[in-house]
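Before any comments, here is the structure.
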Amino acid sequence: MDTLRGIESFVKAVETGSIAAGARLLGISAAAASQNIARLEASLGVRLLTRTTRSLALTDSGVLYYEQVRDVLSDLELARSAATQGHDAPRGRLRIASSAAFGRHVLAPLLPTFTARYPHIACELITTDRSVNHIQESVDVSVRIPAQLEDGLVARHIASVPSIYCASPAYLRKAGAPTSPDDLREHDCLAFKVAADGRLMPWRFMRDGIGFEAQIRVALVSDDIDVLARVAANGGGITRLAAFVAEPYLASGQLEALFSVPHPSASQALSEPLDYYLCVRDRYELTPKVRAFIEHLHGNLRHEWRP
């Protein structure tokens, strides 16, 4: 058992870059983690880590040892899951990271029924559009847009959500309604900045089966889609929103959808949907608690969004 604690502390320290950060993920003190590693090194008779006040580095022996034990913790969890399958309810902490708007508007309403069904799972939901590191932040599963996908993650397409271009009635009375995406270069456009790479989310359409990106005149940029919705509702311009953000504004009349009816003088252009992906680090992360969440999410997403 002492060896396993030492391996846990060692692996987490390497993955997070410090003993203190690794200890936080394990829910123990930095002193306890350091002692665990020291006992592991003593049992092996080699130094695994070189520690200074500001850095931590693997020794040559540490590199070799880490390569051999890095998957031990995942293998043990997988073995435990296999042994208890059908005899034990999913349990443990489930750390979910999601793009901010999807987490706020889609996942949050679904979590109460999930936790009621699985009372032994303690959920933590991180809503952010920055790049989340599964290993360093001990994330079990994440929901991402294409701009957030990274090499090395196992990604599954879970939803295609309609994107809606919209503006307030006051703005449209003042500036007129665009009849095609080509008109957007003459309007005040409110653009979303992707935190992962700093780029603006492109405004994409399909016309006659061909995809294209509309040229827009950017009046305001934000990395928070709910901010853009509020600015648009208050007459600030035209913006692109996922359906789950736009629908309450459309229902209340604060925003009006654009390009939903073809103009007599323009070939109809349809907005491309927003795609969302469910990601895990690798197949070993598909533990019972993660599988339970995936099944719950898939079963409760709106049918028309499912790919």
Side-chain angles (χ1 to χ4, degrees), residues 99-106 129 144-148 157 159-277 301-302 304-307:
S99 57
F102 194 90
R104 185 178 299 128
H105 296 280
V106 179
D129 290 314
R144 303 178 178 226
I145 59 176
Q148 297 170 320
H157 187 202
S160 290
V161 179
S163 58
I164 299 173
Y165 295 89
C166 47
S168 70
Y171 175 83
L172 296 176
R173 284 194 298 270
K174 177 186 70 174
T179 60
S180 82
D182 300 327
D183 296 336
L184 291 171
R185 67 188 70 189
E186 305 300 328
H187 281 269
D188 294 335
C189 296
L190 315 175
F192 177 72
K193 183 178 182 179
V194 181
D197 56 22
R199 293 183 297 174
L200 299 184
M201 181 80 79
W203 289 21
R204 293 197 54 81
F205 293 83
M206 293 287 294
R207 179 188 283 141
D208 299 326
I210 300 174
F212 68 95
E213 181 179 338
Q215 300 301 307
I216 64 175
R217 185 181 73 196
V218 178
L220 183 144
V221 173
S222 177
D223 62 355
D224 188 323
I225 201 67
D226 287 295
V227 167
L228 296 179
R230 292 304 310 161
V231 173
N234 283 276
I238 297 171
T239 196
R240 180 199 194 202
L241 303 175
F244 51 76
V245 178
E247 285 168 350
Y249 291 94
L250 298 175
S252 66
Q254 295 178 80
L255 292 175
E256 294 182 7
L258 304 172
F259 314 121
S260 56
V261 178
H263 192 273
S265 63
S267 178
Q268 185 176 18
L270 302 174
S271 62
E272 286 191 353
L274 296 168
D275 292 315
Y276 290 87
Y277 293 82
L301 283 176
R302 285 163 54 168
E304 63 268 28
W305 294 354
R306 299 174 190 173

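The basis for the numbers below is simple: all heavy atoms, side chains too, and nothing from hydrogens, waters or symmetry mates.
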Next item on the list: Mark yes or no for whether R240, through its side chain, and P202, through its backbone, hold a donor-acceptor pair below 3.5 Å.
Entry: yes
Note to self: Tell me if a side-chain donor or acceptor on E247 pairs with a main-chain N or O of F244 at a distance below 3.5 Å.
What the structure shows: no
Notebook entry, point to check: Shortest non-hydrogen contact from I238 to A167?
Noted result: CG1-CB, 3.8 Å
Margin query: So does M206 get a backbone contact from the side chain of E272, meaning a donor-acceptor N/O pair under 3.5 Å?
Written below: no
Checklist line | Residue pair L220, L228: steps toward the side-chain contact (heavy atoms from CB on, under 4.5 Å) verdict | finding: CA-CA 8 Å; L220 183 144; L228 296 179; 3.6 Å; yes
Notebook entry, point to check: If only atom types and distance count, is the side chain of S271 paired as donor or acceptor with the main-chain N or O of S163 below 3.5 Å?
Noted result: yes
Note to self: Quick one, V221 and L200 - any side-chain contact, counting heavy atoms below 4.5 Å?
What the structure shows: yes
Next item on the list: Quick one: closest heavy-atom pair of L172 and P178, and the distance?
Entry: CD2-CD, 4.4 Å
Margin query: Please report the interatomic distance CZ(F259) to OG1(T179), rounded to the nearest 0.5 Å.
Written below: 8.0 Å
Checklist line | Heavy-atom donor-acceptor pair, Y171 side chain to D188 backbone, under 3.5 Å | finding: yes
Notebook entry, point to check: More than 12 non-hydrogen atoms from neighbouring residues, nucleotides or ligands closer than 6.0 Å to CZ on R199, yes or no?
Noted result: no
Checklist line | Heavy-atom closest pair, residues G235 and K174 | finding: O-NZ, 4.4 Å
Notebook entry, point to check: So, for G211 and R204, which heavy atoms are closest and what is the spacing to 0.1 Å?
Noted result: C-NH2, 3.4 Å
Next item on the list: Drop me the distance from R217's CZ to H187's NE2, to the nearest 0.5 angstrom.
Entry: 8.0 Å
Item checked: Expected output: side-chain D223 to main-chain K193 donor-acceptor under 3.5 Å -> no
Item checked: Residues that A159 engages under side chain to side chain contact (heavy atoms under 4.5 Å, CB included), provided they are two or more places apart -> V161, Y276, L301, W305
Margin query: I need the I216 CD1 to R185 CZ distance, nearest 0.5 Å.
Written below: 11.0 Å
Notebook entry, point to check: Judged by atom type as modelled, is there a donor-acceptor pair below 3.5 Å linking the side chain of T239 to the main-chain atoms of A229?
Noted result: no
